[in-house]
Amino acid sequence: MTETTIGSALPKSYRPADFEGAVYERWIAADVFAPDGKGATADPDAEPFVIIQPPPNITGSLHLGHAQRTAVEDLMVRHARMLGRPTLFLPGLDHASIAAQFVLDRIIAGEGESRASLGRERYLERMHRFIAETRDVMLGQQRRVGGSFDWGRLRFTMDDVSSRAVREAFSRLYRDGLAYRTEALVNWCPGCRTSVSDLEVLPKPETGTLWFVRYHLLDGGAPGTETITVATTRPETILGDTAVAVHPDDPRYAALVGRMVRIPFVERDVPIIADEAVERDFGTGAVKITPAHDHDDYAMGRRHDLAMITILDDEARVTDQGDGYAGLDRYEARKRIVADLEARGDLEGSKPHEMVIGRCQRSDDVIEPRLKTQWFVRAAPLAEAALAATRSGRTRILPERFEKVWEHWLTNIRDWNVSRQLWWGHRIPAWYCPDGHVTVSADANGPSACETCRRPATELTQDPDIFDTWFSSGLWPFSTLGWPEDTADLRRYYPTSVMETGHDILFFWVARMMMLGIHLTGREPFHTVYLSGLIRDAQGQRMSKTKGNVVDPLAVMEESGADALRFALIHGATPGIDQRFGAQKLENARNFANKLWNATRYVLGARPETIADGATRQPPDRSRLGPAERWILSRAAATTEAVDRAVADYAFGEMTRVLYDEIWGEFCDWGLELAKVRLADASLAAADREATWWTLVDALDTYLRLLHPVMPFITEALWEALPHRETDPELLIVARWPGILDRDAEAESEVAAIVDLVRGIRNARSEAKIEPATWLPVDIAIPQRLGATFSALRPAIERLAHARPLTRHLTSEALRAAAGDGGLAVIAGDVEAVVGRDLGGRDVDRLDRARVEKELAEAQAFLAAARERLSNASFLAKAPEAVVAGARAREAELSDAVDRLTDRLARET
RNA sequence: GGGCGGUUAGCUCAGCUGGUCAGAGCGCCUCGUUUACACCGAGGAAGUCACUGGUUCGAGUCCAGUACCGCCUACCA
């Protein structure tokens with residue numbers, strides 16, 4: 001498909017894999033992707049349309065979700081490009097800190113190595129080798145899907161510009177008091193050996209055990225016989241208890257508040273305190289408090305100024321604070337402590353307990369809350385600005401209902417822990433001097449001296465931690481455009497237009513981009529957030545590698561083509577709603593592509609010999625158009641309107657539905673069939689046949705343009721084979737989006753009546769079990785207003801209904817007089833026909849009678865409903881006039897049909 | 001515990017601001033080799049739009065409640 005091909009050169013079979021790659025090469029060669037590429041045909045003064053692609057994690061290959069993203073984004077981009085807007089679709093990859101380490105750890109484990117055995121430096125070298133491989137694979141997949149990316153602007157979240165942006169962003173946050181370092185309780189994953197953000201902790205239901213433990217109250221400085229029973233699911237944390245809490249209004253314990261109890265094993269004396277956070281109805285109403293290992297206890301510890309004792313280390317083993325249990329794994333310690341409590345007689349009992357446990361999103365380890373000194377980003381003020389953006393409408397979230405979720409999350413947001421004890425990622429640009437002073441620097445080489453005491457750089461040490469991967473992702477919409485430099489790209493393309501992503505990362509990512517974007521650039525990073533649904537498998541299961549139900553987009557495209565994949569992903573997709581994906585949808589999409597291919601092949605092959613091969617496209621001669629031609633053009637105009645509406649509403653599923661129905665159900669099924677007859681009619685003037693052909697070319701051209709954003713490859717290939725206007729560009733990708741043309745209401749309604757007639761005749765024949773190949777005489781009564789259309793389309797009606805001879809009568813009475821009582825009756829609106837007037841045989845009569853009776857019953861039911869409505873005084877009084885008029889017309893039409901059908905039955909006996 | 005969403009033909013789903021909206025694809029049944037297409041064409045069967053009330057002249061379409069299903073969120077250890 002790389003050479004100019006007209007007509008017969010189009011291969012007979014639709015084989016997408018044969019030409020999709022070549023088409024992409026042509027786009028690249030023509031330099032049409034970049035807004036400032038030499039093949040771009042945009043109006044330089046038009047408002048740019050910009051999508052910065054959510055960068056996929058550089059951890060392996062792309063899945064269907066990525067393909068869907070690219071398809072939807074590329075759709076918007078191509079549409080904007082065809083509207084003549086300068087269009088930037090910027091591709092990228094994410095270093096995916098924790099996710100990448102997780103993947104690499106598994107790989108090197110297979111090589112007999114580990115993070116520890118390699119050490120930081122060699123581990124990072126290994127990582128670079130790894131991503132060098134995946135990178136090319138992933139970019140190749142993006143191309144295969146057909147994304148019209150500006151490859152010259154490809155970015156990576158760990159490249160120099162991004163690194164610079166990260167340092168600068170953090171420095172500014174620090175300077176503005178929005179980044180701070182403190183010791184706080186963080187979510188620690190013992191498997192990953194790092195802290196993770198609240199979002200990365202997944203609550204999972206589990207059946208645990210609730211143990212009831214007796215603590216002895218002190219009596220004169222020593223434990224007495226008096227006890228208080230607490231309930232706990234984590235007995236090992238007894239070692240870190242620094243209080244027992246009860247509800248202040250709980251009469252059972254009122255007298256005990258203020259007294260001391262002795263914690264077993266560690267033999268520590270701690271107070272009984274009163275706090276409203278305690279649920280009186282749960283357990284015993286008394287709860288042990290371990291501030292250093294539980295979020296709620298931590299909060300309570302802060303309120304009551306309790307000691308915070310860390311009893312578990314980085315690997316979740318008991319520390320020296322744990323006395324005799326030091327060195328034991330947390331679960332081993334739990335077992336031993338339970339046994340020991342029992343031995344001491346202080347275990348009152350236990351019972352199974354349904355609970356929710358926080359697990360690591362990556363490793364599934366049970367998250368251990370621990371005290372750590374780390375960096376945090378103050379979220380509340382940033383969230384306030386993000387909320388203001390959506391509330392004011394400066395940024396819109398689609399579908400709208402997600403704005404509620406957005407509101408809820410941002411109004412309850414907690415500070416963001418950005419420190420990670422990992423190696424792969426952006427190192428935190430903070431340096432500490434021996435005196436404990438902190439220096440944050442945006443300089444790539446670090447600070448020259450401690451900014452507090454001026455100690456030289458050589459005495460400073462950099463924070464060993466790296467940033468949460470979402471920190472650099474949060475800068476993506478502007479770091480990709482060169483921020484913090486005031487670049488031409490940043491000025492021209494920021495804020496971006498649409499952020500399209502999955503609803504599952506609304507908080508992880510979109511919220512962070514909004515918060516950081518507004519603070520650092522002073523502007524919302526995008527006008528619209530379009531949230532896609534997730535792709536699930538045909539059974540509705542979430543696709544995951546562990547389940548083994550992941551569909552490889554490359555294999556799908558090799559088999560069915562990128563266009564079919566894109567169409568299937570976009571068709572029936574509703575924003576924010578998960579979508580099932582299966583072989584059926586793909587097959588349907590491929591069949592549609594095949595249909596389009598063959599329709600185009602037909603049009604090309606039907607070119608009248610009076611038009612030269614390779615002729616420049618001409619508009620059809622208006623004076624020579626028949627009703628079918630006018631109908632075809634009007635339907636194309638109607639489609640354009642509907643597609644424009646759908647795209648404006650981001651209703652891409654609706655867009656494909658409209659195109660599918662129009663192209664297949666209208667243009668191919670009726671437009672081409674009607675045109676065929678005229679094109680083959682040697683009795684017509686050549687100019688008439690030419691007008692018909694140019695009409696088909698016109699409509700097809702429109703459909704290919706409208707479909708291009710969804711199915712770029714096939715439309716480009718087919719369009720190339722069609723005649724072009726002198727003003728058309730070389731490639732469809734940069735051709736203009738169809739403008740709105742006038743509809744032809746008269747042609748639309750008249751041809752629709754003829755279509756109904758043909759359907760009616762076919763239906764009658766089929767019900768009467770008449771062989772399709774049999775020609776039958778058809779007598780027809782058609783009202784005056786349809787006379788001209790009927791005459792023009794008579795040969796087509798004959799052929800499509802297999803009707804010969806076709807005789808027209810002026811009135812219903814004349815029809816009956818001529819046709820007699822035989823044959824099959826057809827009532828289509830105000831057109832009436834008798835098929836096969838000399839058709840005999842009781843079987844045919846019986847079958848026809850059954851059909852007519854069924855139609856009559858239907859018509860009568862509808863008529864009764866219509867009459868009832870019209871007899872309702874309130875309806876007449878309160879309904880709008882147009883509705884009442886419509887009901888009247890309907891009533892008349894139905895009444896007429898009932899009369900005719902009744903009459904027919906009466907005569908048929 | 002709180003919030004949000006879903007419940008429309010056997011299956012997967014469209015149905016926007018209430019008035020031909022009861023639809024599509026697949027599947028199913030009956031026919032069919034008329035040179036664009038069997039990855040096709042013609043025709044057909046199939047749903048009390050989860051349930052119960054309410055608003056309205058009129059409700060899959062708006063409101064309330066109920067039942068399942070799903071997602072998000074949460075300091076009952």
Side-chain angles (χ1 to χ4, degrees), chain A residues 10 12-14 203 210 230-234 237 245 277-284 286-290 294-300 353 355-356 399 401-402 404-405 408-409 412 503-504 506-507 534 538 540 560 564 571-574 576-585 587-606 645-646 649 651 653-654 657 660-661 665 668-669 672-673 676 758-759 762-767 769-773 799-800 802 862 865-866 869 872-880 882-884 886-887 889-890 893-894:
Chain A
L10 207 55
K12 187 162 172 12
S13 300
Y14 167 58
L210 190 60
V230 297
T232 179
T233 55
R234 305 185 55 198
T237 61
V278 179
E279 288 288 333
R280 275 175 282 185
D281 300 334
F282 186 86
T284 60
V287 56
K288 57 189 268 325
I289 302 299
T290 321
D294 181 278
H295 284 103
D296 306 334
D297 292 5
Y298 178 74
M300 207 179 290
H353 180 59
M355 51 197 269
V356 173
R401 66 188 162 82
F402 276 96
K404 290 182 196 163
V405 188
H408 183 256
W409 192 75
N412 297 295
H503 63 70
D504 54 331
L506 181 63
F507 305 133
L534 270 39
S560 306
H571 193 55
T574 312
I577 296 196
D578 293 354
Q579 185 192 170
R580 294 187 191 203
F581 186 88
Q584 293 172 1
K585 288 184 181 178
E587 207 174 298
N588 185 229
R590 191 209 46 202
N591 291 352
F592 177 56
N594 184 60
K595 185 76 179 176
L596 186 68
W597 181 271
N598 282 298
T600 305
R601 253 181 2 103
Y602 164 73
V603 171
L604 293 173
R645 256 199 313 277
D649 292 345
E654 168 73 4
R657 195 189 61 73
Y660 184 97
D661 289 352
C668 292
D669 286 352
L672 293 185
E673 294 306 322
K676 268 179 192 174
V758 171
R759 282 214 174 101
R762 284 171 168 174
N763 172 298
R765 295 177 52 120
S766 172
E767 294 280 303
K769 312 247 184 247
I770 292 165
E771 293 287 308
R799 171 176 151 145
L800 297 178
H802 239 71
F862 281 119
R869 210 143 71 113
N872 185 332
S874 314
F875 172 70
L876 298 176
K878 296 186 182 176
V883 174
V884 176
R890 175 111 173 106
E893 195 181 307
L894 286 165

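Convention: sequence-line order gives letters A, B, ...; per-chain numbering from 1.
Figure legend. B:G41 is base-paired to B:C31; pairs are counted as Watson-Crick or G-U wobble with both atom distances under 3.5 Å. Across every strand in view, B:C4 sits in a pair with B:G70 that passes the Watson-Crick or G-U test at under 3.5 angstrom. Base-pair partner of B:C62: B:G54 (Watson-Crick or G-U wobble, both distances under 3.5 Å). In this entry B:A9 has no Watson-Crick or G-U wobble partner, no candidate having both defining distances under 3.5 Å.
In the set B:C39, B:A77, B:G19, the nucleotide with an atom closest to the side chain of A:Met355 is B:A77. In this structure, the nucleotide among B:C13, B:C76, B:C72 sitting nearest to the side chain of A:Arg580 is B:C13. The side chain of A:Arg657 has B:A14 as its nearest neighbour among B:G32, B:C57, B:A14. The side chain of A:Arg890 lies closest to B:U20 when the candidates are B:U20, B:G32, B:C26. Ranking B:A77, B:G44, B:C40 by closeness to the A:Val287 side chain, first place goes to B:A77. Set against B:G19, B:A36, B:U34, the side chain of A:Asn598 has B:A36 as its closest nucleotide. Nearest nucleotide to the side chain of A:Phe507, out of B:C72, B:C75, B:C26: B:C72. Relative to the side chain of A:Ala879, the nucleotides B:G25, B:A77, B:G19 differ in distance, and B:G19 lies closest. Out of B:A36, B:G43, B:C39, the shortest distance to the side chain of A:Asn591 is found at B:C39. For A:Lys585, the listed nucleotide lying nearest its side chain is B:U12; candidates were B:U12, B:C72, B:A36.
Between the side chain of A:Arg762 and the main chain of A:His802, no donor-acceptor pair closer than 3.5 Å is present.
Contact check, A:His408 against B:C72: no side-chain N or O comes under 4.0 Å of OP1 or OP2. Contact annotation: A:Asn872 does not reach the phosphate of B:G58 (side-chain N/O to OP1 or OP2, under 4.0 Å). For the pair A:Lys676 and B:A36, the criterion of a side-chain N or O lying under 4.0 Å from OP1 or OP2 is met.
Donor-acceptor pairing under 3.5 Å, judged by distance alone, is present between the side chain of A:Lys595 and the base of B:C37. The base of B:C4 does not come close enough to the side chain of A:Arg401 for any donor and acceptor atom to sit less than 3.5 Å apart. Looking at A:Lys12, its side chain has no donor and acceptor atom pair within 3.5 Å of the base of B:A36. Counting atom types as modelled, A:Glu673 pairs a side-chain N or O with a base atom of B:A36 as donor and acceptor under 3.5 Å.
For the pair A:Phe402 CZ and B:U73 C1', the interatomic distance rounds to 14 Å; values are reported in whole Å. For the pair A:Glu654 CD and B:C13 C1', the interatomic distance rounds to 13 Å; values are reported in whole Å. If you measure from atom NE2 of A:His503 to atom P of B:C4, you get 17 Å, rounded to the nearest angstrom. The separation between A:Leu894 atom CG and B:U20 atom P is 14 Å, rounded to whole Å.
Between the CZ atom in A:Arg580 and the NZ atom in A:Lys585 there is a gap of 8.5 Å [rounded to 0.5 Å].
Comparing the P positions of B:A46 and B:C39 gives an interatomic distance of 29 Å, to the nearest angstrom. The C1' atoms of B:C62 and B:G19 are separated by 14 Å, rounded to the nearest whole Å. Here the separation of B:U8 from B:G25, taken at their C1' atoms, is 15 Å to the nearest Å. Spacing between B:C75 and B:A67 at atom C1', rounded to whole Å, works out to 31 Å. A distance of about 13 Å separates the P atoms of B:G1 and B:U66, rounded to the whole Å.
Residues passing the side-chain contact (heavy atoms from CB on, under 4.5 Å) test with A:Phe402 are A:Ile397, A:Pro399, A:Val405, A:His503, A:Leu506, A:Leu531, sequence neighbours excluded.
By the 30° and 60° cut-offs, the orientation of the rings of A:Trp597 relative to A:Tyr14 is tilted.
More than 12 heavy atoms of other residues, nucleotides or ligands shown are found within 6.0 angstrom of OH on A:Tyr602.
Positionally, the nearest nucleotide of RNA chain B for A:Val603 lies more toward the 5' end than for the other of A:Val603 and A:Ser874.
Side-chain contact annotation: A:Asn598 with A:Arg601, donor-acceptor N/O pair under 3.5 Å present.
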